[in-house]
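One structure is given below, encoded as C-alpha cells.
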Amino acid sequence: MRKILALLMSVFMLVFAAGCGGGDQAASSGSGSGSGGKGGKEITMGFSQIGAESEWRTANTESVKQAAKDAGINLQFSDAQQKQENQIKAIRSFISQGVDIIAFVPIVETGWDTVLKEAKDAKIPVIVVDRDVKLSDDSLYVAKLGTDSLAEGKKVFDWIDEYMKKQNKKPRDGGSQFNVVVLEGTVGSSVAIRRQEGFKNAMAASPDASKYNILASQTGEFTRQKGQEVMESFLKSYGDKIDILFAHNDDMALGAIQAIEAAGLKPGKDITIISIDGVKGIFQAMIEGKANCTVECNPLQGPLLMETAKKVLNGEKVEKLVYVDEGVFPADVAEKTLPERKY
Ligand code: GYE
C-alpha cells in the first residue's frame, strides 16, 4: 500500500512540475527566467543605444542585454552608430512594431520632443537611460535613470585641487597658475555639458580659483583616437605649459597618454591626468603610474532599467529621476581595486 502511495505521489509531483515549467517558458519565451509584465505576458522593449564609442558604452550595452535576458524581457536592440537621426528612426520603428515600452540613451539632449510625442500618442511609455534630455514637456518620459554628471565634474576639480596641494606641485612654466587642458565629450551631450559645468562651477567657487587657468578645451568625442589627436594638438600649441589634463572620459585620457609619451613627456608626472568613467583600462594606466585619478560613472544600469520597466507596465509608481551610485578612485587604490572592477 505504502509503495502504491509513494508511486502515486511521485507521478503527481512530476505532472505538477511539468505544468509549472511550461507556464514560465510561455511567459518569457526565448530568454531567461521570470514572468513579463501585466498578467505575465512577455514584455517587449525597444532599446536605442548610441553606439560603441568607448569601453564604458560597451559595458552599458552588455548590462542592458544581460539584464533583459535575466528579466525575461524580449529586447529589440538598435545601435545608432553615433547618429541622432538613427535613434529617431529606431524609436519610430519601435512604435510601429507596437513594443510595450521604449528605452533610449539620448546622444544629445535636444531634438526629441516630436518623436517622444509620437510614442506618447501611441501610449508607449518611454524611459531615458544614462544621458539626459531637454524637453518642452516632461510627461513625454516616465523615468530617467542615469549618473550625476554635474557632481562628477565637481569631484574632478575637488580632487585636482587637493592633489596639487598635497603633492606641493608648482606650475611647469614657473608662473603663478596651473594650466589645465580639457578633452570634452560629445558636443551637445548632457554629460559633456554638465561635467564641464560642474568642473568650472567648483573651480569658480574655490578659494584657489586664481591658481587655475583653463588653457584649452575641445571635444575628443569620447573616443581614444580623437582624444589622442586633440592632445597632440594641445601639446604642439602649449607643450611645456600644460600641468593638468581633465578628460571627460577614460578612453580619451588613454589616447592622450599615448600623445604625451610620444611628445617625450611623462603622463601622470609632468602632466597630472584625471578622467571620468572608471573603466579597467584607466586602472591599468594608474597602476603603471601614467594616470592619477578616475571619477566613477556607473554603466551597469541594465537591472535597474528592467526593474523600472516592469513596474511601469504593472502600473506601479516609479521615481522620475534615479541616479546610480559612483565613487572616486585615485591611483594609490588602483592595484587593489582593479580585480573587483566589473567593467
Ligand atoms: O562617460 C563615455 C561614453 O554617457 C556617461 O558616454 C556616458 C558617457 C561616458 O561614451 O565613456
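Because the structure is a prediction, the values reported are computed rather than measured. We count ligands from 1, going down the list as the structure has it; atoms in each ligand are counted the same way.
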Ligand 1 and Asn249, any nitrogen or oxygen pair closer than 3.5 angstrom?
yes
Heavy-atom pair of closest approach, residues Ala192 and Thr186
CB-O, 3.5 Å
Interfacing atoms of ligand 1 (cut-off 4.0 Å, heavy-atom, Cys297)
5 (C)
Would Arg341 and Glu296 count as a salt bridge (charged side-chain N to carboxylate O under 4.0 Å, His left out) if you check the C-alpha gap in whole Å, the side-chain angles of each, and the deciding distance to 0.1 Å?
CA-CA 11 Å; Arg341 298 299 297 167; Glu296 186 181 32; 3.2 Å; yes
Give a yes or no on this: more than 12 heavy atoms of other residues, nucleotides or ligands lie within 6.0 Å of atom CD of Glu335.
no
of all protein heavy atoms, closest to atom 10 (O) of ligand 1 is Glu53 OE2, 2.5 Å
Quick check for you: to the nearest 0.5 Å, what is the distance between Thr44 atom OG1 and Ile102 atom CD1?
11.5 Å
Asp130 neighbourhood, listing ligand 1 atoms whose heavy-atom distance to it stays under 4.0 Å:
4 (O), 5 (C), 7 (C)
Which one holds for Arg195 and ligand 1: side chain close, backbone close, both close, or neither close, with close meaning a heavy atom under 4.0 Å?
side chain
Show the atoms of ligand 1 that are less than 4.0 angstrom away from any heavy atom in Ser54.
2 (C), 3 (C), 10 (O), 11 (O)
Does Asp251 reach ligand 1 with a nitrogen or oxygen that is under 3.5 Å from one of the ligand's nitrogen or oxygen atoms?
no
Examine ligand 1 and decide if any of its atoms is less than 4.0 Å from a heavy atom belonging to Asp277.
yes
Please check whether His248 reaches ligand 1 - meaning an N/O of the residue sits under 3.5 Å from an N/O of the ligand, judged on distance alone.
no
Between Phe104 and Trp112, does the ring centroid distance fall short of 6.0 Å?
yes
Taking a cutoff of less than 4.0 Å between a non-hydrogen atom of the residue and any ligand atom, is Ile276 in contact with ligand 1?
no
Residue Lys320 excluded, over 12 heavy atoms near NZ under 6.0 Å:
yes
What protein heavy atom is closest to atom 6 (O) of ligand 1, reported as residue, atom name and distance in Å?
Arg131 NH2, 2.8 Å
For Glu319, does the CD atom sit with more than 12 other heavy atoms under 6.0 Å from it, leaving out its own atoms?
no
Qualifying residue for salt bridge (charged side-chain N to carboxylate O under 4.0 Å, His left out) with Asp100, from Lys310, Lys41, Lys123:
Lys41
